[in-house]
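In this text, all values refer to a predicted model and were calculated from it rather than measured experimentally.
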Amino acid sequence: MNTNKNAKKKYYYYLRKSTSDSLKTIRRLIERGSLCPHEIIAIRGTFTQKKWYRLTILTASKRYQFVGIGWFFWGTGPRGLEQILKWLLVSPDIIQHVTDFSLHGPSDHPNSFFINYDPYHTSIL
């Protein structure tokens, strides 16, 4: 693990056409050991450019960013995000909160989320 706080993180950007393509990529990264759930310090989901959603997974030394996962509407987007968060060992209560359609804003400005990990608890903002 990189302990130098001033060291640059390795940045990985994945532009996928669909949630299912992103699922395959994330699963492959976990299976190969490139993305280790126990090293995650934060997960952020943001909405940009009126149609793109960005899922960012941060570790101490790496940042993974995925474009192509739309969690606002029903269907594969929220189910895909739910599966990803399960693979990343996020609490079921937080998963339910993040993927609950009724908690999102209007379709042109859906809510973003930030899941913060620390040694004692996980929180969602």
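- Taking CZ of R32 as the start and CD1 of I30 as the end, the distance is 12.5 Å to the nearest 0.5 Å.
- In this structure, Q65 and Y11 have side chains that are in contact, with non-hydrogen atoms separated by less than 4.5 Å.
- Here the straight-line distance linking atom CZ of F114 with atom OG1 of T56 works out to 10.0 Å at 0.5 Å rounding.
- Note that the CD1 atom of I84 and the OG1 atom of T19 stand 7.0 Å from one another [nearest 0.5 Å].
- Contact of the Y13 side chain with the V67 side chain is registered, since non-hydrogen atoms from C-beta on lie closer than 4.5 Å.
- Closest of all the heavy-atom pairs between R63 and L58 is CG-CD2, 3.4 Å.
- Screening L15, D21, I57, L23 for a side-chain contact (heavy atoms from CB on, under 4.5 Å) involving F66 leaves a single residue, I57.
- Residues R44 and I115 have side chains not in contact (no heavy-atom distance under 4.5 Å, counting atoms from C-beta outward).
- In plain terms, the two heavy atoms of P37 and L89 that are nearest each other are CB-CD1, 3.8 Å.
- Residues L55 and T46 form no side-chain contact, since every pair of their non-hydrogen atoms from C-beta on lies 4.5 Å or further apart.
- To the nearest 0.5 angstrom, R28 atom CZ is 9.5 Å from S34 atom OG.
- Atom OH of Y14 sits about 15.0 Å away from atom CZ of R54, to the nearest 0.5 Å.
- The two atoms that bring V90 and I43 nearest to each other are CG2-CD1, 3.8 Å, heavy atoms only.
- With values rounded to the nearest 0.5 angstrom, K10 atom NZ is found 10.0 Å from T59 atom OG1.
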Before giving the answer on side-chain contact (heavy atoms from CB on, under 4.5 Å), spell out for Q83 and K86 the whole-Å C-alpha distance, their side-chain angles and the decisive distance to 0.1 Å.
-> CA-CA 5 Å; Q83 182 60 58; K86 283 180 183 178; 4.3 Å; yes
